[in-house]
Peer 1: 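This is the structure I want to talk about, given as structure tokens.
Atoms within a ligand are numbered from 1 in the order they appear, just like the ligands themselves. For reference, positions follow the sequence shown, starting with 1. None of the values given here were measured: they were computed from a predicted structure.
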Amino acid sequence: MIKRRVHVAAAAVIRGDGRVLIARRPATVDQGGLWEFPGGKLAPYETGFEALKRELSEELGIQILRAQPLIRVHHEYADKHILLDVWQVREYEGDPYGREGQPVRWVEVDDLTSYAFPAANLPILRAVALPQEYLITAEEPDDAVFLDRLERALKEDNIRLVQLRAKGLDDAAYQARAEKTLELCRRHGAKLLLNADPEWLQRVDADGIHLTSARLMELKRRPVPSDKWLGASTHGEEQLNQAGQIDCDFVTLSPLAPTPSHPEAVTIGWHDFQQMVEMAAMPVFALGGMTRHHANQARAVGAQGIASIRDFWRNDS
Ligand SMILES: Nc1nc2c([nH]c(=O)n2[C@H]2C[C@H](O)[C@@H](COP(=O)(O)OP(=O)(O)OP(=O)(O)O)O2)c(=O)[nH]1
Ligand SMILES: [Mg+2]
């Protein structure tokens with residue numbers, strides 16, 4: 001049997017206070033009784049964005065002014081192959097309500113996981129909860145200099161996701177650095193992932209672990225509980241598949257473009273990057289030669305956003 005292919009446009013509508021709108025599907029329809037991001041199937045000859053505008057007008061009574069691509073999710077249901085084309089909407093006119101009588105609710109992003117969604121929605125929930133920028137810390141031997149630089153990035157650049165990468169520190173120094181970094185991140189409402197063996201979460205109660213591609217490939221299952229974040233570094237299809245197998249929440253995919261530190265390295269390029277992101281089972285950050293100026297381009301090819309070491313550090317202090 002050839003499965004039906006269904007293309008759906010849906011939206012994470014986000015309010016000024018950061019809450020996101022979800023709606024409950026009627027009990028009688030497909031995936032009935034579950035919560036969803038409002039939207040629906042593309043009509044013939046419609047683009048995703050056209051369908052999104054029509055569906056949100058029909059279902060919520062709002063007019064979208066602007067939308068940004070968030071994530072595209074392919075999912076196999078028993079009876080169909082579905083493509084969920086999800087957008088982030090912050091600019092709209094009107095006050096959304098359930099025009100078809102469906103219950104709607106504004107929820108905190110971190111509370112989304114307490115609602116029951118269709119199986120296809122897991123990567124969307126992750127994408128909604130993640131920011132568009134992922135700061136990877138640079139090697140810096142001096143704790144005071146390090147913390148000062150990081151604090152500026154948190155304050156001035158509004159960074160909300162940080163990976164502590166410090167290959168040059170021994171275990172004792174890494175632990176001390178991690179504790180101070182965690183305290184600083186907490187103060188600024190940022191999440192901290194340790195680029196370290198997953199057992200480090202027993203020593204430092206960070207928000208999660210970022211796996212090197214070598215650690216990723218050795219694992220048979222997800223090494224951290226579901227209430228912790230799990231990121232991984234990937235460089236191609238095999239590693240992306242493995243990240244899906246062990247249920248990573250997100251990955252970085254690199255090197256997208258040449259960097260000053262590795263000008264000769266073979267890069268992925270935007271074309272292949274887009275193809276790999278399309279097939280990935282989770283949000284993907286573009287890494288390698290990325291600056292904040294590339295964030296929109298990265299989103300346009302389906303990425304969550306950009307990850308960068310260099311661009312977030314100011315060397316002018
Ligand atoms: N809108 C929406 N649909 C989702 C989500 N997750 C998910 O698996 N789906 C599935 C359920 C459905 O099979 C399909 C969406 O179809 P729909 O019932 O919303 O389509 P529609 O609004 O065009 O409704 P209709 O005209 O067919 O009645 O996608 C989600 O978060 N939002
Ligand atoms: Mg619908």
Peer 1: Assign the ring pair H74 / H81 to parallel, tilted or perpendicular, where the plane angle (0 to 90°) is split at 30° and 60°.
Peer 2: tilted
Peer 1: Examine the side chains of Y134 and Q163 and answer whether a donor and an acceptor come within less than 3.5 Å of each other.
Peer 2: yes
Peer 1: Considering only heavy atoms, which protein residues lie less than 4.0 Å from any atom of ligand 1?
Peer 2: V8, R25, D30, Q31, E36, F37, G39, G40, K41, E55, E59, Y77, K80, I82, L84, P118, A120, N121
Peer 1: State whether G39 contributes an N/O/S atom found under 2.8 Å from the Mg ion (ligand 2).
Peer 2: yes
Peer 1: Judged by atom type as modelled, is there a donor-acceptor pair below 3.5 Å linking the side chain of K180 to the main-chain atoms of Q175?
Peer 2: no
Peer 1: Do you see an N/O/S atom of E59, backbone or side chain, under 2.8 Å from the Mg ion (ligand 2)?
Peer 2: yes
Peer 1: Pick out which of N195, T181, L150 makes a side chain to side chain contact (heavy atoms under 4.5 Å, CB included) with L164.
Peer 2: T181
Peer 1: Which class fits the ring pair F250 and F285: parallel under 30°, tilted 30 to 60°, perpendicular over 60°?
Peer 2: perpendicular
Peer 1: Please determine if R15 forms a cation-pi arrangement with W106, meaning its NZ or CZ atom is less than 6.0 Å from the six-membered ring centre and no more than 45° off the ring axis.
Peer 2: yes
Peer 1: Examine Y77 together with H75 and report whether their ring centres are nearer than 6.0 Å.
Peer 2: yes
